[in-house]
Amino acid sequence: MIKKRIILDADTGIDDALAILYAIYCPIIQLEGIMVGFGNTSMEQAADNTLRLLALAKPKQEIPVILGATKPLVRPRGEYTVHVHGENGIGNIELPTTSQQPTTEAAAEFIVRMANENPGELTVVTMGRLTNMAHALELDPNLTTKLKRVVVMGGAVHVPGNVTPVAEANLWGDPEAADLVFTSGVPVTLVGLDVTLKTRITQQQLDILTRVVRPEHKQVAEFMQSAMRHYFNFYRQTNYFLDAAPLHDPLALMVAVHPELVTYQKMKVRVECESSLCAGMVVADLRPIPKVGSEIEVCIDVHAEHAVGQFLSVFE
Ligand code: RIB
Ligand code: CA
C-alpha cells in the first residue's frame with residue numbers, strides 16, 4: 001500500500017489532538033513530523049501537548065515534533081482560546097510526561113529541507129495559524145513547486161465566522177500569513193467552517209467507541225472522552241449543539257487522504273488584512289469572471305456521516 005506522506009502543523013488544542021491521534025493510527029498515513037505554533041495555546045504548550053499525546057499513542061516510530069512560530073507575522077498575538085480548549089489546550093487533561101524532546105531545527109527550515117529532499121511527495125496539513133507555512137515560503141519561495149499540496153483547516157466562505165462575524169480562528173489569528181500562503185501559488189485546499197461545522201462527533205459515538213475500541217487504544221479513547229467533555233460544553237454554549245462538536249482539524253487531515261469525503265469548488269480568494277472589523281475574512285471572487293485573488297480549491301460540502309465514520313474507524 002502506498003502511504004500518503006503528511007506533515008501536520010498544529011496549535012495543539014482538543015481537535016488538533018484528535019487529528020494527531022487519527023494520523024498515528026490511520027493505515028494510509030505516513031506521518032513525517034508535527035510542527036507546532038501558537039494559537040489555541042502557546043507554541044511551547046502546543047509542543048508539550050503534542051509530545052505527551054505521542055507518548056500516549058505510542059506510534060511505531062518516533063515522530064519528530066518541530067517548534068514553530070510564537071507570534072503572527074506582523075500583528076500582535078491574540079488571546080489563547082482557554083474558553084474553548086481549556087487552560088492547557090487539551091481540556092485540562094493531565095497526560096503523563098515523556099522523555100522525547102522537540103527537534104533543534106525550526107519549523108520553516110524543516111518544511112524547506114523536507115520538501116527539497118522529497119520534491120512533490122509531501123502534503124502539509126495546517127490546523128492552526130498559517131505562520132509556519134508563511135515563514136517557510138519566505139525562506140524558499142520555490143517551495144511552491146516542491147510541496148504536493150497544503151490542506152488548510154481554516155476560513156468560512158458561505159457561512160459565518162467563529163471569532164468574528166466573518167472570520168474563522170486560524171485565519172483571524174494571522175491574516176497576513178494566510179494571504180501570503182493563498183497567493184503564493186502553492187496548491188491549497190481550504191477545509192473551512194462550511195464543511196467542518198457539519199462534521200460533528202457525538203457523545204453517543206464516543207460511548208460506542210469506548211466499548212469497541214481495540215484494547216491497545218483504550219487509554220487513547222479515555223483521553224478523547226475526557227477532553228471532549230470540555231469541547232462539548234463550549235459548543236453547547238456557543239452553537240446550541242447538544243453533546244456534539246465539530247471535527248475541524250481531523251476533517252482537514254481526512255480530506256488530505258480521503259478527498260472523496262468532500263466536494264470542491266475552485267475560487268479566486270484573498271484574505272482581508274486591512275479592516276479591523278473584517279480581518280481574516282476569506283474574500284472569494286464569485287463573479288462570473290473573477291479577477292481578485294489566487295485560485296485555490298475550497299471544500300463546499302461534506303459527506304459528514306462518512307467522515308465521522310472514517311475518523312472512528314482507525315481506533316476500532
Ligand atoms: O476554527 C477552528 C480551528 O481553530 C481549529 O483548528 C481549532 O483547533 C482552532 O485552531
Ligand atoms: Ca487547531
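Note that ligands are numbered from 1 as they come in the structure, with each ligand's atoms numbered from 1 the same way.
- Scanning the protein heavy atoms around atom 6 (O) of ligand 1, the nearest turns out to be Asp249 OD1, 2.6 Å.
- Looking at Asp15 and His248, their side chains never bring a donor and an acceptor atom within 3.5 Å of each other.
- At a threshold of 3.0 Å, the Ca ion (ligand 2) has a backbone or side-chain N, O or S atom of Asp11 nearer than that distance.
- Here the side chain of Asn49 pairs a donor or acceptor atom with the backbone of Thr12 at under 3.5 angstrom.
- The protein non-hydrogen atom at the shortest distance from atom 10 (O) of ligand 1 is Asn170 OD1, 2.8 Å.
- Atoms of ligand 1 found under 4.0 Å from any heavy atom of Glu168 (numbered from 1 in listed order, with element): 1 (O), 2 (C), 3 (C), 4 (O).
- At the shortest separation from atom 9 (C) of ligand 1 among protein heavy atoms lies Asn40 OD1, 3.2 Å.
- Donor-acceptor pairing under 3.5 Å is lacking for the side chains of Gln45 and Ser42.
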Please evaluate residues Asn170 and Leu130 with respect to the criterion side chain to side chain contact (heavy atoms under 4.5 Å, CB included), reporting the C-alpha separation (whole Å), side-chain torsions for both, the decisive distance (0.1 Å), and the verdict. CA-CA 7 Å; Asn170 290 340; Leu130 283 140; over 6 Å; no
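- At least one N/O/S atom of Met127, from backbone or side chain, sits under 3.0 Å from the Ca ion (ligand 2).
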Apply side chain to side chain contact (heavy atoms under 4.5 Å, CB included) to the pair Leu253 and Asp249, showing each step before the final yes or no.
CA-CA 7 Å; Leu253 174 57; Asp249 293 338; over 6 Å; no
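- Residue Asp11 approaches ligand 1 through these ligand atoms, each under 4.0 Å from one of its heavy atoms: 10 (O).
- Annotation: cation-pi geometry satisfied between Arg200 and Phe241 (NZ/CZ under 6.0 angstrom from ring centroid, within 45° of ring axis).
- Relative ring orientation between Tyr22 and Phe311 is described as parallel, the plane-to-plane angle staying below 30° on a 0-90° scale split at 30° and 60°.
- Counting the atoms of ligand 1 from 1 in the order shown, those under 4.0 Å from a heavy atom of Met153 are 2 (C), 3 (C), 5 (C), 6 (O).
- Taking the N/O/S atoms of Asp249 in turn, the shortest distance to the Ca ion (ligand 2) belongs to OD2.
- Every N/O-N/O distance between Tyr231 and ligand 1 stays at or above 3.5 Å.
- Other residues, nucleotides and ligands place no more than 12 heavy atoms under 6.0 Å from the NZ atom of Lys71.
- Within the 4.5 Å cutoff, the side chain of Val282 has heavy atoms near those of the Leu171 side chain.
- Here is the list of ligand 1 atoms found below 4.0 Å of a heavy atom in Asp16: 8 (O).
- Counting the atoms of ligand 1 from 1 in the order shown, those under 4.0 Å from a heavy atom of Met127 are 6 (O), 10 (O).
- Residue, atom and distance of the protein heavy atom nearest to atom 8 (O) of ligand 1 are Asp15 OD1, 2.5 Å.
- Looking at Asn162 against ligand 1, only its side chain comes within 4.0 Å, counting heavy atoms.
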